[in-house]
Amino acid sequence: MTMKNENPGPVIRLLDPSTVNKIAAGEVVDRPASVVKELIENAIDAKARTIRIDITSSGGEIAGIRITDDGCGMVPSDALLAFTQYATSKIASIEDLNQIRTLGFRGEALASIAAVSRVTLITKPRGSDTEAGTKIVVYGGKLQEQHETGAPTGTTILVEELFFNTPARKKFLKSLNTELAHLHTILEGICLAWPAVSFRLFHNGREQLMTDRSAHAIDTIARIYGSDLAQELIPVSHTLPFMTISGYIAPPSLSRKDTSRLIVAINQRFVSSPLISNAIKEGYGTLLPRDRIPVAFLTLAIDTALVDVNVHPTKKEVRLSRENEIRNAVREAVSTALLSHNLIPAAGTQEPAFEPLIPSTDEPVSSAYPQDSAVPAAVFESTHPGTISSDQRLRQTELPVGARTPATASKIPFMNVIGEFGGIYLLARTSTDELFIIDQHAAHERILYEQVQRRSVREHQSQELISPVVLNRTPRDAAVIRDLIPALAQEGFILEDFGKDTFLVRAIPVVLGRAEDTGVLDEVISDLVRPDPSRTVTGRERLTRIIACRGAIKAGTVLTMEQSQRILDQLRLTENPYTCPHGRPTIIRFTRTDLDAMFKRI
Ligand code: ADP
Ligand code: MG
């Protein structure tokens, strides 16, 4: 039987070298940043001490990438061979991969880049006694020029028309800024891994980044991210028989939402390693709020036999043996560094690691806590000059006895004050072993706010001043105040226009406490006439907030135990005890379990 040839199967053919090169190139060079990476790595492998990167762009595209180094350079025959695929001076056999000390070894980069662009190479080897170097131009993988030329020692490679013959790849390039951002990320990582090399990056002739040669990574960090950050950093160092960990980490308060400053180098190779990144995060433990990413610059020097660098065409990932030991060591190095820096676990500095006490809406809070307990008798009288005035303020927010049981049960438990910290924070505990930290100003502000807000216009209480206070303002402020007189009267401020931008204040709201405390009055009026940039709240709401803020016990005011207790008791009677009117937390809770976890008891 003879085969019919109507539907022939696919024909297998050998691809021509130029197609092979283009396909291979796609793996190594996917965007301008990877060209920069490969060329810088070649310069480092050539033992360059200074490397200059010049990027030119026009029409929203990167037009040229030029890398100039003062490394070992190449003799003419090597310069030509360098463009051949799998031509490398770095390894001779597969065994060499076990002890690789260079960044490159696959012999692919130059061939790949030249396959998809126009590359101009000028090079002269170190120690050459002539002026003459070599110039080679390769375009789309084809040799265009090769001749002698005057050249300094070292190598300059210019890449233009990147992806001119691979339109699909070109189409996938992002905006100029995105491509430049990728380039920066890679360059910063390499700079940090190689502090002993000086890097300079220029974009259209303007210097973007520059590092000096230094023996210390911290100098490079300061150069790139600023000395403010560098000063905050905590050194890390940890040694195992097969590995040393060194570098710097930032206190948890500087943690970020992105990974841009979590930089890891393994054997001076800037890599992305989820294993190490996670170990660093674990080292911060509960110090790090969820979904925050620490700032850390770590360098791992690992026995080369344990690192497989040949798992990724661009070598941006590596495979590690003894993963568990390495992960544990990194975690421990980080937590030891944090501990030695006296960063005793605290509820975060910028964003609390522990949630402020805001209940989820479906959580029944009303029955959770016993309704009333006797106020503890931890009373002592202080002769502190501020005590009397604080007392006045607190008395204004004390509800009459009959009104003390709130309609709904308290949302926060009954607490006993056990101390204060920094004149700002009250410390309290419950009978169920919970520790609370309360911001005294924020808490009192909340209490005052709800009371002022609840008062209906008719109910406002104002107290007449024994002698009226004279307010003298600028013409601009006076105009604002004049307009506010009726609204102010509704809140209990009775002002009289005395002419010539002067006002007489005859009465103020009772909640503001001591009538003689004209400072508060002044603050309220100043806040009111200041333009409100947000304009999100109505006039009355704004006034209420200002009165609450200015009338509340200030941070830094020393309270007696008894006064502190009164704040807590008053806070229990509020509708929303959790935040001040501006949304900042008033109270933070630590359970025994939280503390046990922080002290690693569980
Ligand atoms: P690899 O770096 O993997 O060896 P490349 O294609 O990147 O492969 O480079 C090929 C060879 O060209 C290198 O092995 C090196 O000998 C030479 N070479 C490339 N760039 C430079 C340079 N900047 N200075 C000196 N030699 C270089
Ligand atoms: Mg290379």
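Ligands are counted one by one from 1 in listed order, and the atoms in each one are counted from 1 as well. These numbers come from the heavy atoms of this one structure, side chains and all, not from hydrogens, waters or symmetry mates.
- Residue R106 has at least one N or O atom closer than 3.5 Å to an N or O atom of ligand 1.
- The T88 neighbourhood of ligand 1 comprises atoms 1 (P), 4 (O), 14 (O), with distances under 4.0 Å to a heavy atom of that residue.
- Counting heavy atoms closer than 4.0 Å to ligand 1, residue D69 contributes side-chain atoms (C-beta onward) but none from N, CA, C or O.
- Here E108 has backbone heavy atoms under 4.0 Å from ligand 1, and that is the only part of it that gets that close.
- Of the listed residues (L103, V28, N42), the one carrying the non-hydrogen atom nearest atom 9 (O) of ligand 1 is N42.
- For ligand 1, the atoms sitting less than 4.0 Å from at least one non-hydrogen atom of F105 are 1 (P), 3 (O), numbered in the order shown with element in parentheses.
- Every atom of ligand 1 is numbered from 1 in the order shown, and the set under 4.0 Å from a heavy atom of A82 is 10 (C), 12 (O).
- Of the polar atoms of D45, none of the N or O atoms is found under 3.5 Å from an N or O of ligand 1, judged by distance alone.
- Counting heavy atoms closer than 4.0 Å to ligand 1, residue S112 contributes nothing at all.
- A salt bridge is absent between D30 and R169; no separation between the charged side-chain nitrogens and carboxylate oxygens falls under 4.0 Å.
- Remark: E323 does not engage R327 in a salt bridge, criterion side-chain N to carboxylate O under 4.0 Å.
- Polar contact check, G73 against ligand 1: no nitrogen or oxygen pair lies under 3.5 Å apart.
- For ligand 1, the atoms closer than 4.0 angstrom to any heavy atom of G104 are 2 (O), 3 (O).
- Put simply, T88 stays out of reach of the Mg ion (ligand 2), with no N, O or S atom under 2.8 Å from it.
- Heavy atoms of M74 found under 4.0 angstrom from ligand 1 belong exclusively to the side chain.
- Closest to atom 10 (C) of ligand 1, if we only count protein heavy atoms, is A87 O, 3.4 Å.
- Checked by distance only, ligand 1 and A111 stay at 3.5 Å or farther apart across all their nitrogen or oxygen atoms.
- Of the heavy atoms in S89, both backbone and side-chain atoms come closer than 4.0 Å to ligand 1.
- A salt bridge is defined here as a Lys NZ or Arg NE, NH1 or NH2 lying under 4.0 Å from an Asp or Glu carboxylate O, and E188 with R261 fails to meet this definition.
- Annotation: G107 places an N or O atom under 3.5 Å from an N or O atom of ligand 1; distance criterion only.
- Looking at atom 22 (C) of ligand 1, its nearest protein heavy atom turns out to be T155 OG1, 3.8 Å.
- Residue A46 places no N or O, backbone or side chain, under 3.5 Å from any N or O of ligand 1.
- Using a 3.5 Å distance cut-off with no hydrogens or angles, the side chains of S198 and T50 do not pair a donor with an acceptor.
- Contact annotation for L110 and ligand 1: heavy atoms of both the backbone and the side chain come within less than 4.0 Å of the ligand.
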